[in-house]
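Written below as structure tokens is the structure these notes are about.
Along the sequence shown, residues carry numbers from 1.
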Amino acid sequence: MIEDLDKAMVKLRDAMAGIQVRTAGFKKEHDELARKVADYKVDLEDVAPYIAASR
């Protein structure tokens, strides 16, 4: 699951490469999303051992 999140973020980064983010106004939203996803990923990594142990 965490690996899939990494893949999705790479795809987002690649997709954003072709967009004029500053002129289109996406920079702020992109940065905020990337920060929140990074926080979420850290949380998932922290609880992963507990999830694996419960299966």
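- Salt-bridge formation is detected for the pair K36/E32: a Lys NZ or Arg NE/NH1/NH2 atom is positioned less than 4.0 Å from an Asp or Glu carboxylate oxygen.
- A salt bridge links E45 to K41: at least one charged side-chain nitrogen sits closer than 4.0 Å to a carboxylate oxygen.
- Looking at heavy atoms from C-beta onward, L12 lies out of side-chain contact with V37 at the 4.5 angstrom threshold.
- Side-chain contact between V10 and K7: absent, with no pair of heavy atoms (C-beta onward) separated by less than 4.5 Å.
- Taking CG of D46 as the start and CD1 of I51 as the end, the distance is 10.5 Å to the nearest 0.5 Å.
- For the atom pair CE of M9 and CG of L33, the computed distance is 5.5 Å after rounding to the nearest 0.5 Å.
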